[in-house]
Amino acid sequence: MKNDAIAIANYFVDKAKEENYELTLLRLVKYVYIAYGFALALLDRSIINDRFDKVEAWKYGPVIPSVYHSFKHNKNNPIREKSSVISTESSEGELRFCEPVVKDKGIVMILDFVWYRYKDKSIHDLIELLHKDGTPWKFCYKEGLNVEIPDGLTKIYYQSIVKNASK
């Protein structure tokens with residue numbers, strides 16, 4: 001199964017459980033986006049499935065709507081359970097579900113990097129980081145609209161972060 005944003009989100013939910021960390025929806029959508037950005041820059045490919053996932057500029061930052069909608073029932077409460085998706089349908093019409101997981105070691109390395117680099121930042125710091133001038137969100141956000149953020153814009157931005165970090 002191709003990776004998708006729900007698998008990425010589920011990975012962070014597992015990390016939060018392992019470390020008894022209170023992961024909220026707002027924080028989760030930011031981690032998934034940041035991981036997606038670093039993957040574009042470092043792996044030169046998307047770690048989300050463009051058939052189901054896209055990135056949009058929402059009021060509080062970049063969001064992958066499938067992640068938001070899969071976890072929004074948690075509201076501002078800590079997320080304790082992973083999300084499931086339909087995996088198959090039997091000939092009788094019975095739906096079977098699975099919890100998407102990340103199996104690619106390269107992706108896992110990026111997710112761990114994002115987890116340890118950003119988990120101690122306040123939500124205010126994360127919002128500020130993703131809203132500052134020059135970010136893909138800043139270029140795309142239009143009040144009242146959920147404008148798609150192109151992969152190329154995110155890739156260039158995260159390549160500049162990687163390049164500046166290696167200096």
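The analysis underlying the following values was restricted to heavy atoms, covering all of them including side chains, and did not include hydrogens, waters or symmetry mates.
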Exercise. Determine whether the side chains of Tyr36 and Asp53 contain a donor N or O and an acceptor N or O closer than 3.5 Å.
Key: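 No.
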Exercise. Assess the side chains of Tyr116 and Lys15: does a donor N or O sit below 3.5 Å from an acceptor N or O?
Key: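 Their side chains do contain a donor-acceptor pair, which is all the 3.5 Å distance test asks for.
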Self-check item: Sidechain N-carboxylate O distance under 4.0 Å for Glu22, Arg27
Solution: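 No, this pair does not count.
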Quiz item: Any salt bridge between Arg45 and Asp104, counting N to O under 4.0 Å?
Solution: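 Answer for the salt bridge query: yes.
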Would the distance check show the side chain of [X] and the main-chain N or O of [Y] forming a donor-acceptor pair, the cut-off being under 3.5 Å?
| X | Y | answer |
| --- | --- | --- |
| Thr24 | Asn76 | no |
| Tyr33 | Glu56 | no |
| His131 | Lys138 | no |
| Asn74 | Ile79 | no |

Quiz item: Which residue pairs pass the ring pair (Phe, Tyr, Trp, His ring centres under 6.0 Å) test when at least one of the two sits in residues 63-96, sequence neighbours left out?
Solution: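 Ring pair (Phe, Tyr, Trp, His ring centres under 6.0 Å) check on residues 63-96 returns Trp58-Tyr68.
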Quiz item: Which word best sums up how the rings of Trp137 and Tyr141 line up, parallel for under 30°, tilted for 30 to 60°, or perpendicular for over 60°?
Solution: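 Geometry flag for Tyr141 against Trp137: parallel rings.
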Practice problem: Kindly assign one of parallel, tilted or perpendicular to the pair Trp115 and Phe12, based on the angle between their ring planes and the thresholds 30° and 60°. | Solution: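 Plane angle under 30°, so parallel.
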Quiz item: Which pairs with one or both residues in residues 86-102 pass salt bridge (Lys or Arg N to Asp or Glu O under 4.0 Å), sequence neighbours excluded?
Solution: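 Non-adjacent pairs meeting salt bridge (Lys or Arg N to Asp or Glu O under 4.0 Å): Lys82-Glu99.
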Quiz item: More than 12 non-hydrogen atoms from neighbouring residues, nucleotides or ligands closer than 6.0 Å to CG on Asn77, yes or no?
Solution: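 More than 12 heavy atoms, drawn from other residues, nucleotides or ligands, come within 6.0 Å of this atom.
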Quiz item: When you look at NZ of Lys17, are more than 12 heavy atoms from neighbouring residues, nucleotides or ligands closer to it than 6.0 Å?
Solution: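 Counting neighbours around NZ of Lys17, more than 12 heavy atoms of other residues, nucleotides or ligands fall under 6.0 Å, so yes.
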Self-check item: Closest non-hydrogen atom pair, Leu23 against Leu28
Solution: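 So the two residues come closest at CD2-CD1, 3.9 Å.
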Self-check item: Shared-cluster residues of Leu145, by chain and number - hydrophobic side chains joined below 4.5 Å
Solution: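 Result for Leu145 is Val147.
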Exercise. State, yes or no, whether a side-chain contact exists between Ile8 and Asp4 at a heavy-atom distance under 4.5 Å.
Key: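 The answer is no, as the side chains (C-beta and beyond) never meet within the 4.5 Å cut-off.
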Quiz item: Does the ring center of Phe113 lie less than 6.0 Å from the ring center of Phe38?
Solution: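 For Phe113 and Phe38, the ring centres are under 6.0 Å apart.
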